[in-house]
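Notes for the one structure printed next.
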Amino acid sequence: MHWLGEGIDYAWAWDLQRQLLEERVAGERGDTLLLLGHAPVYTAGRRSVPEHVLAQLDAPLVETDRGGQTTYHGPGQLLGYPIVSLAGLGFGPKRYVEAVESALIVALADYGVAAHREEGLTGVWTERGKIAAIGVRVSRGVTMHGFALNVATDLHAYDPIVPCGIGDRPVTSLAALVGGLPDVKEVAYVVAEALGAALGIAWQAG
């Protein structure tokens, strides 16, 4: 498990994921979890459509190879990129995504937030809207990309897009639900523990 800090450039983190994936495929490293916050950026997944960008964006738009559609990353948001072997876990992609969702639900419960899945939709939800997005890629049985949890994100950053292609439901954040400004790094360690339990992985601190 590696906490990379906040304000991390998206392209740099993407390159790092690809390097770690190659090492995991080659058996040169074990399962790894990257935790970080990005500098402001919009990303378009493989199922994104141009019409979901509604207005001028105040940050770059990067086309990426993860699943899902268009979303925002920026200050106050926790990104988690697990580089894990699904074969080693005995998981298929669907079960893996469900495990990530479950871990986020457990972590949010630590802050008194009741979160849940929505039938037919990916991510984690609360009564006041979507709080976490998930978009993954599996290459040669190893995962990359992962989840984005709104901790203290500026929710207005979602205004120029249709987040994840869902236009009829709001997004929310941990800060909006509990008040105050939760620390992203602190939340990262809570999520890492929950994710390790959900996947059956004991992360090595890095």
Side-chain angles (χ1 to χ4, degrees), residues 4-18 34-81 97 100-101 104-105 107-108 111 113 115-137 144-185 187-188 191:
L4 301 181
E6 299 184 65
I8 301 297
D9 178 72
Y10 185 83
W12 180 87
W14 192 6
D15 282 343
L16 177 59
Q17 289 182 72
R18 286 186 285 233
L34 303 178
L35 296 161
L36 63 148
H38 277 309
V41 64
Y42 292 88
T43 62
R46 293 191 303 266
R47 296 193 298 114
S48 63
V49 295
E51 293 76 18
H52 288 172
V53 177
L54 306 174
Q56 180 71 33
L57 301 178
D58 293 330
L61 175 65
V62 177
E63 292 189 5
T64 183
D65 60 355
R66 62 163 171 79
Q69 301 192 39
T70 302
T71 194
Y72 167 77
H73 304 309
Q77 187 184 69
L78 171 65
L79 278 295
Y81 296 141
V97 169
V100 174
E101 291 170 337
L104 292 169
I105 290 168
L108 288 165
Y111 292 90
V113 172
H116 60 272
R117 295 189 186 91
E118 286 281 327
E119 184 67 32
L121 298 172
T122 302
V124 175
W125 303 76
T126 73
E127 288 186 350
R128 288 173 54 184
K130 188 175 186 178
I131 195 168
I134 296 173
V136 303
R137 178 173 184 244
M144 61 183 292
H145 301 292
F147 63 85
L149 173 65
N150 289 335
V151 177
T153 316
D154 177 5
L155 300 177
H156 290 296
Y158 289 96
D159 291 347
I161 64 171
V162 180
C164 301
I166 302 169
D168 60 347
R169 304 192 189 196
V171 292
T172 191
S173 70
L174 183 57
L177 295 170
V178 303
L181 292 174
D183 181 72
V184 174
K185 185 177 181 180
V187 176
V191 171

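Predicted model only: the values in this text are computed from it and were never measured.
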Is any side-chain heavy atom of [X] closer than 4.5 Å to a side-chain heavy atom of [Y]?
| X | Y | result |
| --- | --- | --- |
| Thr71 | Lys130 | no |
| Leu79 | Leu4 | no |
| Ile131 | Leu177 | yes |
| Val113 | Leu174 | yes |
| Val187 | Tyr111 | yes |
| Leu57 | Ile161 | yes |

What pair of heavy atoms forms the shortest contact from [X] to [Y], and how long is it?
| X | Y | result |
| --- | --- | --- |
| Pro182 | Gly180 | CD-O, 3.5 Å |
| Ala13 | Ile8 | CB-CG2, 4.2 Å |
| Ala188 | Leu35 | O-CD1, 3.7 Å |
| Gly76 | Glu6 | N-OE1, 4.2 Å |
| Pro60 | Pro40 | CD-O, 3.7 Å |
| Gly146 | Val136 | CA-CG1, 4.0 Å |

Once side-chain hydrogen bond (donor to acceptor under 3.5 Å, both in side chains) is applied, do any residues pair with [X], and if so which ones, sequence neighbours excluded?
| X | answer |
| --- | --- |
| Thr172 | none |
| Thr153 | Asn150 |
| Gln17 | none |

Using atom types as modelled, flag every donor-acceptor pair under 3.5 Å from a side chain in residues 117-124 to any protein atom, sequence neighbours excluded.
residue : atom : partner : partner atom : Å
Arg117  : NE   : Glu101  : OE1          : 2.7
Arg117  : NH2  : Glu98   : O            : 2.7
Arg117  : NH2  : Ser102  : OG           : 2.5
Glu118  : OE1  : Arg169  : NH1          : 2.8
Glu118  : OE2  : His116  : NE2          : 2.8

Inset, instruction - For the residue pair His145 and Tyr81, categorise the inter-ring angle as parallel (less than 30°), tilted (30 to 60°) or perpendicular (more than 60°). - result: perpendicular
Inset, instruction - Supply the atom-to-atom distance Asp183 CG to Lys185 NZ, rounded to the nearest 0.5 angstrom. - result: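 Taking CG in Asp183 and NZ in Lys185, the distance rounds to 8.0 Å.
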Legend entry - Interatomic distance, Gln77 atom CD to Leu36 atom CG [nearest 0.5 angstrom]: 9.5 Å
Inset, instruction - Could you pull out all residues at least two apart from Tyr72 that satisfy ring-ring contact (aromatic ring centres under 6.0 Å, His included)? - result: Tyr42, Tyr158
Legend entry - Partner residues of Asp58 under the side chain to side chain contact (heavy atoms under 4.5 Å, CB included) criterion, sequence neighbours left out: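 Not a single residue meets the side chain to side chain contact (heavy atoms under 4.5 Å, CB included) criterion with Asp58.
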Inset, instruction - Would you check if the side chain of His38 reaches a backbone N or O of Gly74 as a donor-acceptor pair within less than 3.5 Å? - result: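 Not a single qualifying donor-acceptor pair exists.
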